[in-house]
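Below, chain A is the first sequence line, B the second, and so on; all start at residue 1.
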Protein chains: 2
Amino acid sequence: MEFEFEDRCDVQCIHEENVKEVRANMINEDTARALADIFKTLGDTTRIKLLFALMLNELCVCDLAAVSGASESAVSHQLRILRNQKLVKYRRAGKIVYYSLLDDHVQTLFTQGLEHVNE
Amino acid sequence: MEFEFEDRCDVQCIHEENVKEVRANMINEDTARALADIFKTLGDTTRIKLLFALMLNELCVCDLAAVSGASESAVSHQLRILRNQKLVKYRRAGKIVYYSLLDDHVQTLFTQGLEHVNE
DNA sequence: TAAATATATGAACGTCTGTTCATATATTTA
DNA sequence: TAAATATATGAACAGACGTTCATATATTTA
């Protein structure tokens with residue numbers, strides 16, 4: 001009884017038609033989260049620099065630290081995040097690990113992002 | 001004296017040629033930050049849902065709360081962030097404020113992002 | 001096999017972020 | 001003008017995040 005009308009919205013201003021239609025075509029929870037996760041990964045200055053550097057060349061962790069200005073430990077931590085998001089791949093050559101972009105999605109996203117910035 | 005050799009890197013593994021070339025073409029600090037800021041803005045599930053809903057229709061705050069599942073207050077806070085990043089615009093009609101996408105950059109970025117997700 | 005080197009990782013710490021709750025503002029309606 | 005409605009905003013709080021420092025792992029070299 002307490003929640004007899006729980007399915008009725010107490011807000012008056014809703015445009016039912018619009019809401020109904022949007023709801024029917026709405027992005028689902030998982031997709032929204034996956035999308036947010038990629039953008040979240042791209043939403044950090046250090047990672048932006050790492051990815052931008054890798055757009056120019058395959059580089060080892062030391063090199064990445066040098067060009068990004070972050071410590072090697074910080075870079076290593078961030079590279080793990082980029083690996084988990086399947087944004088970079090790596091190959092080991094002795095003691096050294098070389099990182100590179102996994103595909104060209106990053107390039108495309110950067111270009112689109114910069115287009116938004118430059119306006 | 002203390003920092004007599006401060007410009008010499010104590011790391012041995014650096015590939016000088018690569019680093020030099022990458023440094024010369026590196027993204028600058030401000031651009032990296034601006035880029036990170038957009039992606040950071042897109043890196044939240046609630047904001048993803050709001051933007052996705054607005055891709056489908058112009059909507060008021062109440063409607064956005066209804067379709068996103070967030071409270072009206074939370075939506076209002078997030079809309080401010082989207083406004084600041086110039087991702088959405090709004091028009092007032094009496095008591096009601098209608099929001100819509102400012103341009104189609106969001107659409108493009110979403111599409112690219114989803115392409116990365118679906119692989 | 002021991003030392004050196006390159007990278008990775010866990011814990012700790014301060015900062016940032018998103019939500020909630022209370023309240024303020026703006027507009028309409030009675 | 002007072003009450004109601006739609007939205008906005010500030011403070012507070014919990015949780016997430018990025019860095020640092022110490023340490024572990026992997027590989028090479030002596």
Check your understanding: If you find the nucleotide of DNA chain D closest to A93(A) and the one closest to K40(A), which residue's nucleotide is nearer the 5' end?
Key -> K40(A)
Practice item. Send over the distance from I81(B) CD1 to dC16(C) P, rounded to a whole Å. Key: 14 Å
Exercise for review: Compare the minimum distances between each of dT7(D), dG18(C), dA8(C) and the side chain of Y99(A), then state the nucleotide with the smallest one.
Suggested key: dA8(C)
Point to revise | Nucleotide dT7(D), atom C1' - distance to CD of Q78(B) in whole Å | key: 15 Å
Check your understanding: For dA6(C), does OP1 or OP2 lie under 4.0 Å from any side-chain N or O of R92(A)?
Key -> no
Point to revise | Candidate nucleotides dT28(D), dG18(C), dG18(D), ranked by approach to the side chain of R47(B) - the nearest | key: dG18(C)
Revision key, fill the gap. In whole angstroms, the gap separating P of dA6(D) from NE2 of H15(A) amounts to 10 Å
Exercise for review: Treating Ile, Leu, Val, Met, Phe, Trp and Tyr as nodes and any side-chain heavy-atom pair under 4.5 angstrom as an edge, say whether F110(B) and V117(B) lie in one connected cluster.
Suggested key: yes
Review point. Under 4.0 Å: is that the gap between some side-chain N or O of R80(B) and OP1 or OP2 of dT7(D)?
Key: no
Practice item. Treating Ile, Leu, Val, Met, Phe, Trp and Tyr as nodes and any side-chain heavy-atom pair under 4.5 angstrom as an edge, say whether M55(A) and I38(A) lie in one connected cluster. Key: yes
Exercise for review: Searching all strands shown, indicate the nucleotide that pairs with dA30(D) (Watson-Crick or G-U wobble; both distances under 3.5 Å).
Suggested key: dT1(C)
Exercise for review: Using atom CG of D44(B) as one end and atom C1' of dC17(D) as the other, report the distance to the nearest whole Å.
Suggested key: 14 Å
Exercise for review: Give a yes/no on whether any side-chain N or O of R83(B) is located under 4.0 angstrom from OP1 or OP2 of dT9(D).
Suggested key: yes
Check your understanding: Is any side-chain heavy atom of I48(B) closer than 4.5 Å to a side-chain heavy atom of F39(A)?
Key -> yes
Point to revise | Short side-chain donor-acceptor distance under 3.5 Å, Y99(A) and R83(A) | key: yes
Point to revise | Nearest-angstrom distance from the residue atom CG of L79(A) to P of dT9(C) | key: 11 Å
**Study point:** Whole-Å distance separating the CD1 atom of I48(B) from the P atom of dT17(C)
**Key:** 16 Å
Check your understanding: Tell me: CZ of R91(B) to P of dT27(C), nearest whole Å?
Key -> 15 Å
Check your understanding: Base, sugar-phosphate, or nothing: which does Y98(B) touch, judged by heavy atoms less than 4.0 Å apart?
Key -> nothing
Check your understanding: Any donor-acceptor pair under 3.5 Å between the side chain of T46(A) and the base of dT19(D)?
Key -> no
**Study point:** Nearest-neighbour nucleotide for the V61(B) side chain, dT5(C), dG18(C), dA8(D) considered
**Key:** dA8(D)
Practice item. Write down the partner of dC13(C) under the Watson-Crick or G-U wobble criteria, each distance required to be under 3.5 Å. Key: dG18(D)
Check your understanding: Who does dT7(D) pair with, Watson-Crick or G-U, both distances under 3.5 Å?
Key -> dA24(C)
Study note, to complete from the structure: Atom CG of N84(A) and atom P of dG18(D) are separated, to the nearest Å, by 13 Å
Review point. Got a donor-acceptor pair under 3.5 Å from the side chain of S73(B) to the base of dT19(C)?
Key: no
Practice item. Measure from the ring center of H15(B) to the ring center of Y98(A) and say whether it is less than 6.0 Å. Key: yes
Check your understanding: Just checking Y90(B): base, sugar-phosphate only, or nothing, at a heavy-atom cut-off of under 4.0 Å?
Key -> nothing
Check your understanding: Does H77(A) make a side-chain donor-acceptor contact with the base of dT20(D), cut-off 3.5 Å?
Key -> yes
Review point. Same cluster or not: are V97(A) and L102(A) linked, directly or through other Ile, Leu, Val, Met, Phe, Trp or Tyr residues, by side-chain heavy atoms under 4.5 angstrom apart?
Key: no
Check your understanding: Mind checking who dA12(D) pairs with, Watson-Crick or G-U wobble, both distances under 3.5 Å?
Key -> dT19(C)
